[in-house]
Q: 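Right, I'll just put the structure down here and ask away after.
Both ligands and their constituent atoms are indexed starting at 1 by order of listing.
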Amino acid sequence: MDEQLLVNRLQETFKEDCTGHDFEHMKRVHHLAMYLQSQEGGDIELISLASWLHDLDDHKFVTKNEAETKTNARKLMKELNINDDIIEKVCAIISCVSFSAHQAPVSLEAKIVQDADRLDAMGAIGIARAFAYGASIQRPIYSQTNPQNTLQHFDDKLLKLKDFMHTKTAKQIAEKRHQRLEEFVDHFKEEWSFK
Ligand code: ADP
Ligand code: NI
């Protein structure tokens, strides 16, 4: 497979992203997923493709129809001459990766890609991404009167992620990243209530 072509297409697609879903997110998730695969097993080709392509048809960036049919991921895989059987398998993995996905991952490959994506929402990078995303949807960093603030997202989602990891390797990595989230929230609240 022509990985350079894949990278070029992803760089082009995500070049203007300032919501924490930029090309570097794809690269980190791919790298984490390959590491998880080296420890846990699973089909390398499926994990590699699904981790690279997992946000191409995210419901936040494309139409409902494109998100459901994985239009952009399919188009790119066709361009890369990936066979139809692999394309279907990769699309099935991507469908259960999203945080808001209704299907829980069943295959090891889907579990690994979801773990990798969630790890990138934790720790120092996860903190940076949350505020970037929050700003992109006009949310204040914190508010005691408006529950739609980014610090609230830590309680709603980020601090729960460590308990939703599937693989043993991801659980281990998540421990430290979870601690960093907790420390950050403590420091944030301490400074906010400075007297
Ligand atoms: P998915 O697209 O996989 O369903 P999300 O969009 O929920 O996942 O999360 C992807 C990234 O966006 C994470 O880093 C997450 O913290 C961030 N994010 C999602 N919703 C919010 C929010 N309301 N406030 C701040 N960050 C958010
Ligand atoms: Ni992602």
Q: Does Q148 have a non-hydrogen atom less than 4.0 Å from ligand 1?
A: no
Q: For K60 and ligand 1, does the shortest N/O to N/O distance drop below 3.5 Å?
A: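 In this structure, K60 places an N or O atom under 3.5 Å from an N or O of ligand 1.
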Q: Is there a donor-acceptor pair under 3.5 Å between the side chain of Q37 and the backbone N or O of G42?
A: yes
Q: Step by step, would you call E68 with K64 a salt bridge (Lys or Arg N to Asp or Glu O under 4.0 Å)?
A: CA-CA 6 Å; E68 273 165 18; K64 197 162 175 269; 3.5 Å; yes
Q: Tell me whether Q152 reaches ligand 1 (any heavy atom closer than 4.0 angstrom to a ligand atom).
A: no
Q: Which residues pass the salt bridge (charged side-chain N to carboxylate O under 4.0 Å, His left out) test with E12, not counting sequence neighbours?
A: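 Listed in chain order: K15.
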Q: Check this for me: does any side-chain nitrogen of one of R74 and E88 sit under 4.0 Å from a carboxylate oxygen of the other?
A: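 Salt bridge: yes.
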Q: Is a salt bridge present between D115 and K111, judged by a nitrogen-to-oxygen distance below 4.0 Å?
A: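 Salt bridge: no.
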Q: Is the closest basic N to carboxylate O distance between D57 and K70 below 4.0 Å?
A: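 Here D57 does not pair with K70 in a salt bridge, since their nearest N and O are not under 4.0 Å apart.
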Q: Ligand 1 and D120, any nitrogen or oxygen pair closer than 3.5 angstrom?
A: no
Q: Can you list the protein N, O or S atoms less than 2.8 Å from the Ni ion (ligand 2)?
A: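 The answer is H25 NE2, H54 NE2, D55 OD2, D117 OD1.
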Q: Could you tell me whether D117 approaches ligand 1 through its side chain, its backbone, both or neither, with non-hydrogen atoms closer than 4.0 Å?
A: side chain
Q: Answer yes or no: is there an ion pair linking K78 with D84, defined by an N-O contact shorter than 4.0 Å?
A: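 A salt bridge links K78 with D84.
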Q: Suppose I only count heavy atoms of H21 and a 4.0 Å limit; which atoms of ligand 1 are within that range?
A: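 With H21 as reference, the close atoms of ligand 1 come out as 10 (C), 11 (C), 12 (O).
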Q: Can R139 be said to touch ligand 1, with heavy atoms closer than 4.0 Å?
A: yes
Q: Is D58 close to ligand 1, meaning an N/O of one under 3.5 Å from an N/O of the other?
A: yes
Q: Side chain, backbone, both or neither: which part of L158 has a heavy atom under 4.0 Å from ligand 1?
A: side chain
Q: Check ligand 1 against K157 and write out every atom of the ligand that is under 4.0 Å from a heavy-atom position of the residue.
A: 5 (P), 7 (O)
Q: Does the gap between the ring centers of F154 and F131 come in under 6.0 Å?
A: yes
Q: Within the distance-only criterion (no hydrogens, no angle test), does the side chain of S51 pair as donor or acceptor with the backbone N or O of S48 below 3.5 angstrom?
A: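 Yes, S51 side chain to S48 backbone: donor-acceptor pair under 3.5 Å.
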Q: Quick check, are the ring centers of H21 and F61 under 6.0 angstrom apart?
A: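 Centroid separation for H21 and F61: below 6.0 Å.
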Q: Quick check: does Y133 get an N/O under 3.5 Å from an N/O on ligand 1?
A: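 There is no such contact.
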Q: In plain terms, say whether R9 and E79 are close enough for a salt bridge, that is, a side-chain N and a carboxylate O under 4.0 Å apart.
A: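 A salt bridge links R9 with E79.
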